[in-house]
Amino acid sequence: MSELRFEYKNMQAADLGEESCVPDLLGERILQNSLTFYLDETDEIYERYGRLADAYPYRQRNNYSRILKEKQIRTAVLENDRIKAVFLPDYGGRLWELWDKKENMNLLYTNDVLQFSNLAVRNAWFSGGVEWNLGIIGHHPFTTESLYVARTQTEQGEPVLRMYEYERIRGVTWQMDFWLEEGCPYLKCRMRIVNDSAEVIPMYWWSNMAVPEYDQGHITVPAAEAYSSGGAYCYKVPVPMVDGTDISDYQKIPRSVDYFFHIPEEEPKYIVNVNRDGKGLLQFSTKRLQGRKLFSWGNNTASDHWQEFLTKDAGRYVEIQAGLGKTQYGCIPMAPHTAWEWMECYGPAHSEELSAEVFAQSFEERRACVTEYLAEHDLIGKLEKQLKESKAMALTKAELVTPGSEYGAFRKSSERTAHLEFIRRTPAMEQWEYFFTTGNLHCPDPKEEPDAFWTGEDFLTYLKKTTLGTDAPNHKNWYAYYHIGILEFRKGNDTVAKEMYERSVALCENPWALHGLACLCLGKENKNLSALYIQRGMELKKNSLSYQKEGLKILSRCEAYRAILKQYDELNKELQRVGRIEYYRVLALVKTGRFEEADSLLNSEKGIVVDDVREGEDNLQDLWMILNHELHQDKEKLPYRYDFHAN
């Protein structure tokens, strides 16, 4: 029999910090959202469908640092005689380690630290393991969050680790059941997404596997072509040879790039990564998980820098992924009142039949051998059968171990999700429950951060009904108007949103509605007014790191560089030393012609380290290049610490 146990693991980890105090109304840059597509009429990859500009109602996770400290990290461990799987329930349920006990080999890339960087839709992300990405394009909102954790068992009595949550943007419930079987070398993963709404919604899922970038290692996948991109364009390329490079041999890939493999419908869905000895990971799934991907940071100076920035001593990795769609350039439509289910298996690629000699062959020969192996052992067919047979288990209530977020307790439930337990436990949620029951919304001190954000037409209609009108219970509640302003702004009703924000400020001056007004004016290209609003908000929240970061970002988009310098001078010393805030100061110095001062900061021995530098963000590099041109006649070489341009 296999075993499920909960333990703690000592790790070097950065402090994740508090969530941002303001809602995410401006978003982070997502590279896939700006491509032009040159594809065949039969490809149907739903490019741009379901893409979003921000992660609202989730807040940004942008207050972490790069300082590592010893921490105890909770783990969930599944183990049998062949495999040991270690999960991180408090970090998106990530599958962190997968050990082939026969070879004493971890089949995944496991980071030696939890080092956060700005690569997710909510900013904070860390490399390593298998990340489960749901709902919206990118590294999803729960990637650093605790999930609901429960335990149940299979019909054969094997323990099952269940993790689940409610995703608020799409309004879906998602569930992951994991187990091992006696003598079986594969971790079984049964996934389930439920759309209980009456609407077609965009849906996204990619299982993101970090695997070691082995010396002389390579991947195998049942495809002869792939979707890729260069610059601002998406197109098809042959596999494995792309511009004279065998991209299955990932160490030869020159730059940061994605390859989304086009697997024919009749082919088995799998991907393999092995080292020079033919040992590594095999991942395969039922047919619903149709896509497979390779991501490489590439092999250049900036690529090396990114790899080092994300870890301490764990070395280099690549990502192999499996998704619902063919690419990550768009979501796919999910019908109303629908449950999507599939199974994935993770285990060793090597066996008596898939030997080192097999994996030493050409890409085409490897592909034929792995495909034949899966067919001969009917591994996909058996998995499809097990998906159907395990339906009853998936709909069985489980024993709750630890809770996740509370928003799922307010969802509209149905028989499709009634077996999942969601709970309310904080005073804030009790206050919101009181509002939903009575129509009376709490009116907090404006110095306090907003406690929750909500979405949906039903919520907005109810909030307006209980706020607008002289007899409404929330008629003089600044907090109610603030929330209406947010939702009207996100619908594009700027005139109404402005009126609601202004009403909120008139009832009680607060930095939250001022932030909303600043975002609204910025979108209307009224940069001067936007800058004035956010400066007043920054005065009210002078000691809040996240508000100051947001304020400086807005001022930079307003090109209010002198205002940035003024705000910086008024900050306390601790905030002034934050890398992102130092960056805005240097930006403002350069833009106001104070090159020598900027140069002394950027090229000092310490330099500037922006903890949350964004993938694709070349701002520090650009500032350095300007100073190099203005002060050094382009004679200096870009310092390694500022080179993040891996594309």
* Asked: Does R316 have any salt bridge (Lys or Arg N to Asp or Glu O under 4.0 Å) partners at least two apart in sequence or in another chain, and if so, which?
  -> E213, D304
* To do: First locate atom NZ of K252, then atom OG of S296, and finally report the distance between them rounded to the nearest 0.5 Å.
  => 13.5 Å
* **By salt bridge (Lys or Arg N to Asp or Glu O under 4.0 Å) - contacts of E550 (at least two apart)** => K553
* With a 4.5 Å heavy-atom cut-off, do V86 and E79 have their side chains touching? -> no
* Only one of L187, L78, T110 forms a side chain to side chain contact (heavy atoms under 4.5 Å, CB included) with L95, so which one is it? -> L187
* Shortest non-hydrogen contact between G217 and D249, atoms and distance -> O-OD1, 3.5 Å
* Of Y227, Y46, F260, which meets ring pair (Phe, Tyr, Trp, His ring centres under 6.0 Å) against Y329? -> F260
* Asked: Do F116 and S65 touch side chain to side chain, with heavy atoms closer than 4.5 Å?
  -> no
* **Whether over 12 other heavy atoms sit under 6.0 Å from E70 CD** => yes
* **K606: salt bridge (Lys or Arg N to Asp or Glu O under 4.0 Å) partners, not counting sequence neighbours** => E582
* Output all residues satisfying ring pair (Phe, Tyr, Trp, His ring centres under 6.0 Å) with Y91, sequence neighbours left out; order by chain, then residue number. => F126
* To do: Only counting residues at least two apart or in another chain, list the ones meeting salt bridge (Lys or Arg N to Asp or Glu O under 4.0 Å) with R366.
  => none
* Mind running side chain to side chain donor-acceptor pair (under 3.5 Å) on N273 and Y214 for me, showing each step along the way? => CA-CA 9 Å; N273 177 57; Y214 295 123; 4.6 Å; no
* To do: Rounded to the nearest 0.5 Å, what's the gap from NZ on K236 to OG on S228? Could you check?
  => 13.0 Å
* **Heavy-atom side-chain proximity of Q328 to Q321 below 4.5 angstrom** => yes
* State yes or no: are the ring centers of W205 and W342 separated by less than 6.0 Å? => yes
* Nearest-0.5 Å distance that lies between atom CG in D277 and atom CZ in F359 -> 12.0 Å
* Asked: Can you list the residues that meet the side chain to side chain donor-acceptor pair (under 3.5 Å) rule with Y346, with sequence neighbours excluded?
  -> E344
* To do: Check whether any side-chain heavy atom of M203 sits under 4.5 Å from a side-chain heavy atom of P333, and report yes or no.
  => no
* **Pair K312-Q12, side chain to side chain donor-acceptor pair (under 3.5 Å): steps then yes or no** => CA-CA 9 Å; K312 185 179 180 183; Q12 290 283 309; 5.0 Å; no
* Can you say whether the rings of W297 and F295 are parallel (under 30°), tilted (30 to 60°) or perpendicular (over 60°)? -> perpendicular
* About how many Å separate CD of Q386 and OG1 of T286, when rounded to the nearest 0.5 Å? -> 10.5 Å
* Structure fact -> The reported gap from CG in D643 to CG in D618 (rounded to nearest 0.5 angstrom) is 8.5 Å
* To do: May I have the step-by-step check of side-chain contact (heavy atoms from CB on, under 4.5 Å) for D258 and K293, ending in yes or no?
  => CA-CA 7 Å; D258 295 325; K293 169 189 169 181; 3.1 Å; yes
* Mind checking what makes ring pair (Phe, Tyr, Trp, His ring centres under 6.0 Å) contact with H629, not counting sequence neighbours? -> none
* Provide the closest heavy-atom pair for Y235 versus S229 in the form atom of the first, atom of the second, distance. => OH-C, 3.5 Å
* May I ask you to check whether over 12 heavy atoms, not counting those of K102, lie within 6.0 Å of atom NZ? => no
* Taking atom types as modelled, find out whether E353 and S351 have a side-chain donor-acceptor pair closer than 3.5 angstrom. => no
* Quickly, which of F178, F87, W174, W206 forms a ring pair (Phe, Tyr, Trp, His ring centres under 6.0 Å) with W132? Name it, please. => F178
* To do: Measure the shortest side-chain to side-chain distance between V613 and W306 over non-hydrogen atoms and say whether it is less than 4.5 angstrom.
  => yes
* To do: Flag yes if more than 12 heavy atoms outside K287 fall under 6.0 Å of its NZ atom; otherwise flag no.
  => no
* Is atom CG of D243 surrounded by more than 12 heavy atoms (other residues, nucleotides or ligands) closer than 6.0 Å? -> no
* Asked: Is the distance between the ring centroids of F309 and F644 less than 6.0 Å?
  -> yes
* By side chain to side chain contact (heavy atoms under 4.5 Å, CB included) - contacts of R641 (at least two apart) -> P639
* Let me know which of H139, Q60, E19 forms a side-chain hydrogen bond (donor to acceptor under 3.5 Å, both in side chains) with R122. => E19
* **Residues which pass side chain to side chain donor-acceptor pair (under 3.5 Å) with W96, listed by chain and number, not counting sequence neighbours** => none
* Asked: Under a 4.5 Å cut-off applied to non-hydrogen side-chain atoms, are W179 and R190 in contact?
  -> yes
* Asked: Mind checking whether V274 and K279 have side chains closer than 4.5 Å, heavy atoms only?
  -> no
* Structure fact -> Hits for ring pair (Phe, Tyr, Trp, His ring centres under 6.0 Å) against F363, two or more places apart or cross-chain, chain-then-number order -> none
* To do: Taking the side chain as every heavy atom from C-beta outward, state whether K549 and N63 have any pair of such atoms under 4.5 Å apart.
  => yes
* Can you tell me if CE on M11 sees more than 12 non-hydrogen neighbours from other groups inside 6.0 Å? -> yes
* **Gap between atom OG1 of T220 and atom CD1 of I271 - 0.5 Å precision** => 8.5 Å
* With sequence neighbours excluded, tell me which residues meet side chain to side chain contact (heavy atoms under 4.5 Å, CB included) with Q216. => R276
* **For Y58, ring pair (Phe, Tyr, Trp, His ring centres under 6.0 Å) partners two or more places apart** => F142
